[in-house]
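Reviewing the structure listed below.
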There are 2 protein chains.
Amino acid sequence: MQLSTHPPAPRHSLALSAMVKPTREAHMPTIKDVAAHAGVSASTVHYALNGKRSISPEVRQRVLDAVQALNYSASAVAQRLREHRSYSLGLIAPELPASDAAMMEILTATAATASAADHTLGIYLNQAPDQILGLLRAQHVDGVILIETAHHDPRIEALRHAPHPFVLIGQTGDMTGLTTVDFDFEQAFYLAFDHLARLGHRHLGFIVPHGATDDDQPQRKENWYATLRGYRRARQEHDLHVELEPAVLNIEDGHRAALRLTARAPRVTGIVASGHTQVGVLRALYSQGRRVPDDCSVVGVTTAQIAEWTIPRLTSVDLPLREMSVTASELLLRKVGGEAVTEQVLFPAYLIDRESTAPPRTAQPEST
Amino acid sequence: MQLSTHPPAPRHSLALSAMVKPTREAHMPTIKDVAAHAGVSASTVHYALNGKRSISPEVRQRVLDAVQALNYSASAVAQRLREHRSYSLGLIAPELPASDAAMMEILTATAATASAADHTLGIYLNQAPDQILGLLRAQHVDGVILIETAHHDPRIEALRHAPHPFVLIGQTGDMTGLTTVDFDFEQAFYLAFDHLARLGHRHLGFIVPHGATDDDQPQRKENWYATLRGYRRARQEHDLHVELEPAVLNIEDGHRAALRLTARAPRVTGIVASGHTQVGVLRALYSQGRRVPDDCSVVGVTTAQIAEWTIPRLTSVDLPLREMSVTASELLLRKVGGEAVTEQVLFPAYLIDRESTAPPRTAQPEST
DNA sequence: CTGTTAGCGCTTTCAG
DNA sequence: CTGAAAGCGCTAACAG
């Protein structure tokens, strides 16, 4: 699976790889070792360390000294066995995340939230539904967060009737009984088109997720439905002419789609694009010598991070991925804690006006 | 810690959060349950499931059926207790990774490698040295990979004399006895300057990591030394005039640094930049109306992914982060497996000629 | 070919 | 205030 960016990488190895005998670990000190060292019983050590019953200050000090001396730390594994919990959460992600920046926001926010609640975050890429179930059943993790969910998602169907806690970032076809955190994509796309319409644009282009308009697409993302609803609502309300151009949501395909779009529909004065496609759109316009926003406006639906990177900075409906991830993690933590949570949280959309939109040219010359 | 991208996010919650009594988990089936169901002993179940001794086909089938019926999966926690291993690795990263794209490459490659060896990857952000030791001592993880290492790195010093396996992606001041995987930054920066020199450039700009030239900087990254060596070697060899401009390695600071540089040294016809700063450099040149590479060449030292994104695509020395991460994970897996590995791997640098470099307007190429 | 048993390190009754 | 002992679920050594 390891992709190569280079010729076969003849790594220069200053190899000292001493192939010594498999060292059997000098084993870690246990609670018994501490007890022996302090001249008390194991349970006394235990209670001294987490004060669930009173200990004479003198004994307590001896225990603490022994802990210090032996560098003792209670084995998390043994604790977990006893408590029937692994104190870890799983983040289930596709092997190739749609966007690095988005994935990183989700990841760091989730890891920080889990960590603050003394849980470990494990990441699992590209797991089949029964592998996910296996993770849960073997108590590798107490619960999972699923991202990039589809309308018909076999992972969700596998989990739906199992007794394990999980939460979705995203939505799916049948939401009954699920705990989900999502973003109001309908409003997001409505706002994107609405913004351009209010600036006076009438002929727009829309880089639409590939497969979104294809009813037979089984794998399609649930949010694509909302995407289309938002776009249609704005189109109708403002009487817009919109040219659709499908693209996989990455830079390269956004680039190609924008080239097709501008070739086919030269009257377009504004483009709406999401994911990472905006970067491709901007590149296409640049290569044609069209300035943004003077010759063409662009609106994105993407993370603030991406929007701030581009030249010019992108007017966009920013995805609040950190907040969504924190919320999802907190919900999951409550569920693994035994609480019966069934909450469906929807984060609202706001448009952030940056540098990539302007009113269309008043007179549209035929030639450039 | 949760950063806000939006106004206070009044999330619309279709709340059904039934605050029911903390449900005590209907406990998972154990090996005993399976044994009872199949009418055999626990050890028979165990051996039937991992064939370490022969079982009559008839009994074996009964066991398999029972497993099926009860949906049994051996508890990873109990196994781990017995084997004194957690079968998980930790990736220790700074809270704010220097680059999303780079971090994602490291992360996905590491997770995939760990996963292929039946290990879990836990990610730990922003851990203090003794927290890392705690992780290891409590057997949350069997070993760790450290990234973004510094010349004087307290994390490394803490681990150096502890008995726990770890590997570095990067280097540090005292490398004796450590297992490390790194990239030849000296050669990388040499090649970047060398490339521009051979194209005929004489006046160059260098967006240098902030703190790299400051001898008192305690936190400085080890690779900055190599960076400076490579740059100096090229400067001397080709008799270059180089203007240094320090920047934190992100887009915004790269942008500011490039503006300062071009204001101060208008004769510069080529710029070398690393991390994410190139994106800022390109933005600065764009805003000044200078075309790349016609008016100014730019060379990066960055991941292929970033280099392919920019407009124009960036000539760069690409960091082979996937391969480095796979190598680091494999070394760590060998170490946690008990092997006495002390290997220091250095990946070589190659320049990839994309679209952002050309000979300067005035001069002709150097003859070498 | 199969069953019994001890024990991993910790927590928590139950006794004193 | 402290100790002894049982048991979480699994594995492997030790009987048959």
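Numbered from 1 within each chain, the chains take letters A, B, ... in sequence-line order. In this text, all values refer to a predicted model and were calculated from it rather than measured experimentally.
When the options D182(B), T110(B), I106(B) are evaluated for a side chain to side chain contact (heavy atoms under 4.5 Å, CB included) with M324(B), the one that passes is D182(B).
Phosphate proximity of dC1(D) to S56(A): absent, as no side-chain N or O sits under 4.0 Å from OP1 or OP2. The side chain of S41(B) contributes no N or O atom lying less than 4.0 Å from OP1 or OP2 of dT4(C).
Looking at E58(A) and R62(A), a side-chain N of the basic residue comes within less than 4.0 Å of a carboxylate O on the acidic one, giving a salt bridge. A salt bridge between R160(A) and D174(A) is present, with a side-chain N of the basic residue lying under 4.0 Å from a carboxylate O of the acidic one.
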- Using a cut-off of 4.0 Å between protein heavy atoms and nucleotide atoms, how would you tag nucleotides 9-16 of chain C 5' to 3' with B, S and -? BBBBBB--
Kindly list each side-chain donor-acceptor pair under 3.5 angstrom involving residues 38-50 of chain A, sequence neighbours excluded, with atom names and distances?
| unit_1 | atom_1 | unit_2 | atom_2 | d |
| --- | --- | --- | --- | --- |
| S41(A) | OG | S43(A) | N | 3.4 |
| S41(A) | OG | S43(A) | OG | 3.1 |
| S41(A) | OG | T44(A) | N | 3.3 |
| S41(A) | OG | T44(A) | OG1 | 3.1 |
| H46(A) | NE2 | N50(A) | ND2 | 3.1 |

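Each end of the helix from dC1(C)-dG16(D) to dG16(C)-dC1(D) yields a helix axis from five base pairs, and these two axes differ in direction by 50° (to the nearest 10 degrees).
Side-chain contact check for D100(A) versus M103(A): every heavy-atom pair is 4.5 Å or farther apart. Within the 4.5 Å cutoff, the side chain of Y72(B) has no heavy atoms near those of the Q68(B) side chain. By the 4.5 Å heavy-atom criterion applied to side chains, L107(A) and I123(A) are counted as neighbours.
The separation between R62(B) atom CZ and dT2(C) atom P is 9 Å, rounded to whole Å. In this entry the distance linking OH of Y87(B) with C1' of dC8(C) reads 13 Å, nearest Å.
No engagement by V77(A) is indicated, since no non-hydrogen atom pair under 4.0 Å with the nucleic acid exists.
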- Verdict with reasoning, Y124(A) to T120(B), per side chain to side chain contact (heavy atoms under 4.5 Å, CB included): CA-CA 8 Å; Y124(A) 300 89; T120(B) 292; 3.1 Å; yes
